Amino acid sequence: MGTREMMLEKIRQNKPAATQLPESWYFDSEYADTEAKFTETLQAIFTQVVVVKNGEELLEKATEMFGDVVNRASTVPALAGWADFSLQVADPHELELIEMAILEADFGVAENGAVWISDQYLTHRVLPFITQNLAFVIRRNAIVNNMHDAYLRLTDTTGWGCFIAGPSKTADIEQSLVIGAHGARSMVIFLLDS
Amino acid sequence: MSKTTMDHAEASVAFNKDESYVDWHDETLWFVRQKRDRSSKLLPEWEQLRNTASQIKDYVLSHMDELLLSFEQKAKENGVHVHWAYNAAEHNEIVLGLLNRNRITKMVKSKSMLTEECHMNEFLSQNGIEVIDTDLGERIVQLRQEPPSHIVLPAIHLKKKDIGDLFHEHLGTDAGATDPQYLAEAARQHLRDKFLTRRAALTGVNFAIADTGGFVVATNEGNADMGAHLADIHIASMGFEKIIPRQEHLGVFLRLLARSATGQPVTTYNSHFKKPRDGQEMHIIIVDNGRTAQLGREDFRNSLKCIRCGACMNTCPVYRRSGGHSYHNAVAGPIGSILAPNLDMTKNADLPFASTLCGSCSNVCPVKIDIHDQLYKWRQVLAKGGYVPKAKEAGIKAMSAVLSQPRFYQWSGKLGRSVMRIMPFMVNNQLNPWYKNREMPEPPKESFRDWYVNNRRK
């Protein structure tokens, strides 16, 4: 008998009597204002939220905030002219030079400030991690209350996806919070009106 | 990297030599526990979430084989290679085989307590593979050639001066530098070079999902993703109990995990891996290493519900004042003390005794494991099996003899009170373990029984 069969056989012998799943695993979070909650949560995790009316205003804001940065990359069509770093690279290691990436993402979660990004929005999975600084653009109406709502919405069938909540951080040195561990050193969320 | 062979009590004595250090360690962990309290109280449904998580995990334990088979089938359909390992040696051989086949001699690794349990780094190192731990806390303890002292906060036992000295020696930072920002930046630069040059990455698994074949890895630093997305081959190692039935169940577990661990609403990165990227190989190793045996122990199988948040350690008065290394096991603290005897009763017989049975661990556990009850039950099992040290066993036998004979009990109580009154030095000395760190109480003049006999007619 191989290892697999042996493990499964022992599990069958040793597992307890069958129990049922709970009737529900959904809990509602009734926020008066989901966007306000999302913004408040993000501020607490060192993330700035910027509301923009449309693609033009997004371009204006991006230029104003990150105009003097070199190696700017974006997956947002409205920012094609703003970017000076092409994402058309074969080897993801080449993305190491990126200073600022502004990326389209799917939706946000008010209770914890997380944003869902996946293969659907990226040509290279490492992009949101390898860039020195990161911003996401999501639709203003694409914010759900909590993680239960998030998984109801998540019909993403691509090969990889990630909830990202704020910039990368560590507290491994005497519990002192340091922003910018291995991933992004800063994070901005643009909420797009239309 | 296991250095210590002292039992928990001896190691605690050593840990307690520097009082201000122990106080600092105690307060630091209590601070984390308080963050957990504040964060959990923000959710009115917290207790219902714990119940729901516990019930889902009960379902997992009782349907483990079916869930694993479903996971395996889906993962294979997703293009992921699935391996099964009965013990630590098989797990380590599989990893080595994959690296050898790809002619890789250097690998980055994100946090995985399973690989600590399997002593994988030592094994790979003996076989010519260099493994770099990329979680900052893990890199720190790796450079110090010691194991993590906490599953979530691996270097919680170290002061910034210790880390400054270590980085000065290994990473060339300025002598005497202790600024966390500066030290973390040095580690970022050092590890970025490793991420960019390593062709293999190993990660742990926080949750494996039976209905999608995917798995989730949670980090705050982003190190799991930096490693996995740049490497040609991604190996994920999981204890089989990490399985959950459906992706939607993550809603429950991710709301509980970070809040219980550090008080954050969620970890910064919750990466959902399902298919390898183009040109990449993805492997999952499903590990037993004693878990099937634990599943068969009715009193202890609930320990397999653990989601490794570390809340039981942060709250434990014994852990906070003895340090993770005193538990001489990959997983320390209360949960480690109920997992470890299953792995080796001889080596770990001391651990269930490293507790006051106050129950705080069970109260904070996000999946409601009856940790303190299990600690108590392990004591019975270990004493019956003859694993308890002779002195402790003799003490227990003497206690049993006294307590089972009322007259003998009365006489010995009287004798004890007289001795403590007339010759206090007989108990207030270093030969009496109860005298350590405490004053013996003033002996009462009479026992409760004597008082009752004298007073019941009044």
Side-chain angles (χ1 to χ4, degrees), chain A residues 2-4 6-8 10-22 24-27 41 45 92-93 96 109 111-114 124-126 129-130 146-148 150-152 154 158-176 178 180-184, chain B residues 28 31 45 48-49 52 55-56 58-59 61-65 68 84-86 90 134 136-137 140 153 155 159-160 163 180-181 183-184 188 191-192 196 220-223 225-226 229-230 245 247-252 254-255 265-266 268-275 277 288 292 295-296 301:
Chain A
T3 292
R4 176 179 175 277
M6 183 167 67
M7 280 169 63
L8 287 167
K10 288 202 172 195
I11 288 170
R12 282 184 202 113
Q13 283 167 14
N14 290 352
K15 69 179 180 177
T19 64
Q20 296 305 304
L21 280 172
S24 165
W25 42 85
Y26 177 85
F27 295 89
T41 308
I45 55 172
H93 289 81
E96 209 263 319
V109 186
E111 72 156 335
N112 56 28
H124 293 290
R125 292 175 183 179
V126 80
F129 307 93
I130 202 167
N146 64 29
M147 291 302 277
H148 309 297
Y151 282 105
L152 290 182
L154 207 67
T158 55
W160 171 85
C162 190
F163 282 108
I164 301 184
S168 145
K169 55 184 88 67
T170 183
D172 275 343
I173 301 174
E174 249 192 56
Q175 280 293 290
S176 308
V178 176
H182 300 299
Chain B
T28 306
F31 178 65
E45 65 272 35
Q48 287 165 278
L49 273 172
T52 308
Q55 284 169 26
I56 295 172
D58 281 332
Y59 180 89
L61 295 188
S62 64
H63 295 80
M64 188 69 79
D65 49 331
L68 287 170
W84 300 69
Y86 185 60
E90 279 189 23
T134 57
L136 177 56
I140 290 167
L153 320 162
K159 305 271 254 182
K160 48 192 175 188
I163 297 164
Q181 185 85 42
L183 295 174
R188 177 184 170 104
L191 287 166
R192 208 155 244 256
L196 289 165
N220 276 319
E221 298 183 5
N223 55 316
D225 288 278
M226 278 292 276
H229 303 318
L230 288 171
Q247 180 165 273
E248 291 156 53
H249 292 147
L250 287 168
V252 174
L254 292 183
R255 295 185 88 197
V266 75
T268 306
Y269 303 101
N270 280 290
S271 203
H272 296 50
F273 294 91
K274 206 154 62 184
K275 298 173 187 167
R277 63 170 206 274
D288 182 333
T292 44
L295 189 63
R301 60 166 64 108

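Just the heavy atoms: all of them, side chains too, but no hydrogens, waters or symmetry mates, feed the values below. Given the structure is predicted, the values throughout are model-derived calculations rather than measurements. In what follows, chains carry the letters A, B, and so on, assigned in the order in which the sequence lines appear, proteins first and then strands, with residues in each chain numbered from 1.
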task: Walk me through it: do B/E248 and A/W25 pass the test side-chain contact (heavy atoms from CB on, under 4.5 Å)?
output: CA-CA 8 Å; B/E248 291 156 53; A/W25 42 85; 2.9 Å; yes
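- Both the backbone and the side chain of B/R277 come within contact range of chain A, with heavy atoms under 4.5 Å apart.
- Here B/Y86 contributes atom OH and A/K10 contributes atom NZ; the two are 3.0 Å apart, rounded to the nearest 0.5 Å.
- Listed here is the closest heavy atom pair of A/F129 and B/G222: CD2-O, 4.5 Å.
- Scanning for ring-ring contact (aromatic ring centres under 6.0 Å, His included) contacts around A/F163 gives A/W116, A/Y151, B/H272, with sequence neighbours left out.
- Put simply, the side chain of B/E221 never gets that close to the backbone of A/T170: no donor and acceptor are under 3.5 Å apart.
- With a threshold of 4.5 angstrom between heavy atoms, B/L183 approaches chain A through its backbone and through its side chain.
- For B/E90, the part sitting under 4.5 Å from any heavy atom of chain A is the side chain, from C-beta outward, and nothing else.
- When every heavy atom of A/A17 is checked against every heavy atom of B/S62, the shortest pair comes out as O-CB, 3.4 Å.
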message: What verdict does the side-chain contact (heavy atoms from CB on, under 4.5 Å) test give for B/Q55 and A/T19, after you've listed the backbone C-alpha separation in whole Å, the side-chain angles of each residue and the deciding distance to 0.1 Å?
response: CA-CA 8 Å; B/Q55 284 169 26; A/T19 64; over 6 Å; no
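- Taking both residues in full, the closest heavy atoms of B/L230 and A/H93 are given as O-CE1, 3.2 Å, listed atom of the first, atom of the second, then distance.
- Residues B/I163 and A/D172 approach most closely at CD1-O, 4.2 Å, considering heavy atoms.
- Interatomic distance, CD of A/Q13 versus CG of B/L295, reported as 11.0 Å (0.5 Å rounding).
- When heavy atoms are compared at a cutoff of 4.5 Å, B/L68 approaches chain A solely by way of its side chain, counted from C-beta outward.
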Criterion side-chain contact (heavy atoms from CB on, under 4.5 Å) on A/M147 and B/V252, from CA distance to verdict: CA-CA 8 Å; A/M147 291 302 277; B/V252 174; over 6 Å; no
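- A/P22 and B/T52 make their closest contact through CG-CG2, 3.8 Å (heavy atoms, listed as atom of the first residue, atom of the second, distance).
- Heavy-atom minimum distance, B/D65 versus A/K15: OD1-NZ, 2.9 Å.
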- request: May I have the step-by-step check of side-chain contact (heavy atoms from CB on, under 4.5 Å) for B/H249 and A/L21, ending in yes or no?
  value: CA-CA 10 Å; B/H249 292 147; A/L21 280 172; 3.9 Å; yes
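- Using a 4.5 Å heavy-atom cutoff, the side chains of B/R301 and A/P16 are in contact.
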